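Below: the structure, in structure tokens.
These figures come from a predicted structure and were not determined experimentally. Proteins come first, then strands; the chains are lettered A, B, ... in the order of their sequence lines, and each starts at number 1. All heavy atoms count here, side chains included; hydrogens, waters and symmetry mates do not.
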Protein chains: 2
Amino acid sequence: MKVTKPTIKNIARAAGVSTATVSRALAYKNNLKPATAKRIRQIAQEMGYHKNVAASQLASNMTNTIAVIINYTQTDFWIGILNGILHRARELNHQVITFYAGDNDSRRLTQTVNEALEHQANGILMISGKMEQEQVNILSTAHMPYRLISIYNPEHRYVSSNNVEIGEQATNYLIKRGHRRIGLVGIDHYLTGQQRLFGYQRAMTEAGLPINPQWIHYGDYSYQDGKKLFSAIQDGSVTAVVAGSDMIGAGLIKAATQSGWRLPEQLSIISIDGSDICELTTPELTTVSQDFYQMGLTSVDNLLQDQPATFIPTTLIERDSVQTLPTEK
Amino acid sequence: MKVTKPTIKNIARAAGVSTATVSRALAYKNNLKPATAKRIRQIAQEMGYHKNVAASQLASNMTNTIAVIINYTQTDFWIGILNGILHRARELNHQVITFYAGDNDSRRLTQTVNEALEHQANGILMISGKMEQEQVNILSTAHMPYRLISIYNPEHRYVSSNNVEIGEQATNYLIKRGHRRIGLVGIDHYLTGQQRLFGYQRAMTEAGLPINPQWIHYGDYSYQDGKKLFSAIQDGSVTAVVAGSDMIGAGLIKAATQSGWRLPEQLSIISIDGSDICELTTPELTTVSQDFYQMGLTSVDNLLQDQPATFIPTTLIERDSVQTLPTEK
DNA sequence: CTGAAAGCGCTAACAT
DNA sequence: ATGTTAGCGCTTTCAG
């Protein structure tokens, strides 16, 4: 489909004015006769004109745009963040354009980071579970402000929950209810996972509880992995688990239920990172949640105001009818 | 944060060549000495250079970009579509940039459509439940190819499932199981909803079943509305319902369960538009599903190859342990 | 194989 | 209040 788009030149000709006047009219500048301005806009609309943002950006050297990179398409924990970003960005008269990198595909993430970098945004917000040094390097040498969202990385600017604290709170929740053999299921091999593991270890250690390495199982935060990982704990070696994400928690619950387990009698689960989906999937699930929406708001402020790295407060949400068994098997 | 980005001019100076040569080197053109090319790329990387896509587009008049507009941020049915789009777009060497319009906020949708239009994409894919004439007009007069995804609108190019068929299949599923008083809950007031309603009506009529207007309830496809709408059917006037979306279905199930109902004994539910979340929320739910991923693939092909409007095939997915009651109350 | 130069569509001084 | 003009950073002829 060959499409010839009208330009301000066409409009200028049609309106019998110069391109500068057209430009001014369309930008709602106040230094021209309202009547002319209105007439020009009228003509522009009739011609189905839309500004060529490339040319505009190039000429003005301004974009008022925030680029968001998302490295997940299977889980939806980032939707809350994105909503927050959108809200605050609009408030501050910024546009948001989003780039998807797929699911933890390193090569495509690199490619996507480069794509985002080529768009002359005011800055980049990066929502990704995994990041390799390569991508971080590209970002950090690219002369463009960026923030890692929900990714704690002490060497960079981030807006993240405190994963150590989250891991610790979740574990303590179970310990307080009498559990002694507590698993940690579905954390990743990267920093986030390591932090949560550290919090888990700290809670266990401070409670004087031993940790069995076989209680710790890695995954990719997905529902699928949650289901898979149930097999790793169905020998009954633990009475409770901290799920590395709500999707992991949901997967565990699904698999456990399918195996005929009754929850939470046979297994108590507390899940990290409750998103909205959490209520849906598992009303009985307790969640140590990040306030994702708030994280989005904060991210934009942090980026545009050039603030230092920051933590989002962690809150523990008990839902409906949670009653975990206060006894060890 | 004041950032001065390197340009090809800087690189040219640093490399002792002309900007033309730099441009060629970075575009991997084969008409220059490999050694020079490599050296230039090396320098570019060291300087943290990234192409200014605005300038590039302007000069070459090419973007190889597909713009996607999404008008939902609370439900996630579109993620499957987006994945399909991403996959096929990459295959065809196209970039995807995504614009979020929020949640059925007409003003913001208009704004977002305009933003997308200003980016010189090859075309626009629009995923939205509701669309008003205003936005459709803007799109259709903008000299840019576009497709409405999952929106049946005979006056425009669309890639959609056949909503009449979907409504009919779902209703027939319940009729075959012996239900006679069947509700339709949570459809919208727009074309999609009307089509599904029509299918429902056709199935009922062909089965010789009467339709009570009070069995039909409107909503916005959200989980929240599903919960709300349960009150509309809890008088027991229907023995089964077609849920207008899987989120509606999930909401109904949640509310019904909270009210102490046992499903499917007291109420059979079949849900339209099962996304992945569907399995998660309600393993016992039967779904008339669109293949969202396929819809994404098809959308890209359809757009880039300038094909006519098309329907995606509909499939009925029975999950796990569905056994609806074959008797009327 | 490389350089010089002419724009792409728009904005922003600077004139008038 | 409007027109003239010089670029923005890049690509792409056209020369050499």
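- Between the side chains of B:Gln45 and A:Thr141, not a single donor N or O lies within less than 3.5 Å of an accepting N or O.
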Fill in: nucleotides 7-14 of chain C: protein proximity per nucleotide (B base, S sugar-phosphate only, - neither; heavy atom, under 4.0 Å)
BBBBBBB-

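- The shortest side-chain heavy-atom distance between B:His143 and A:Thr4 does not fall under the 4.5 Å cut-off.
- The heavy-atom pair separating B:Arg90 from A:Glu115 by the smallest distance is NH1-OE2, 3.5 Å.
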Fill in: Steps toward side chain to side chain contact (heavy atoms under 4.5 Å, CB included) verdict (A:Trp78, A:Ser128)
CA-CA 9 Å; A:Trp78 47 267; A:Ser128 168; over 6 Å; no

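- Once you apply a 4.0 Å limit to the heavy atoms of chain A, the touched nucleotides of DNA chain D run 5' to 3' over D:dA1 to D:dG9.
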Taking distance alone, no hydrogens or angles, what donor-acceptor pairs closer than 3.5 Å link side-chain atoms of residues 26-37 of chain B to residues at least two apart or in another chain?
residue, atom, partner, partner atom, Å
B:Thr36, OG1, B:Lys33, O, 3.1

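- Pairs engaging residues 37-54 of chain A under the salt bridge (Lys or Arg N to Asp or Glu O under 4.0 Å) rule: none recorded [sequence neighbours left out].
- Rounded to 10°, the helix from C:dC1-D:dG16 to C:dT16-D:dA1 has 30° between the axis fitted to its first five pairs and the one fitted to its last five.
- Counted by atom type alone, B:Gln120 and B:Thr65 present zero donor-acceptor pairs between their side chains at under 3.5 Å.
- Per the geometry, CZ belonging to B:Arg39 stands 12 Å off C1' belonging to C:dT2, to the nearest Å.
- For CD of A:Gln305, the number of neighbouring non-hydrogen atoms (other residues, nucleotides, ligands) closer than 6.0 Å is greater than 12.
- Sorted by first then second residue, the salt bridge (Lys or Arg N to Asp or Glu O under 4.0 Å) pairs that include residues 79-89 of chain B, not counting sequence neighbours, are B:Arg88-B:Glu91, B:Arg88-B:Asp301.
- Without hydrogens or angle criteria, A:Asn64 side chain to A:Asn93 main chain gives a donor-acceptor distance under 3.5 Å.
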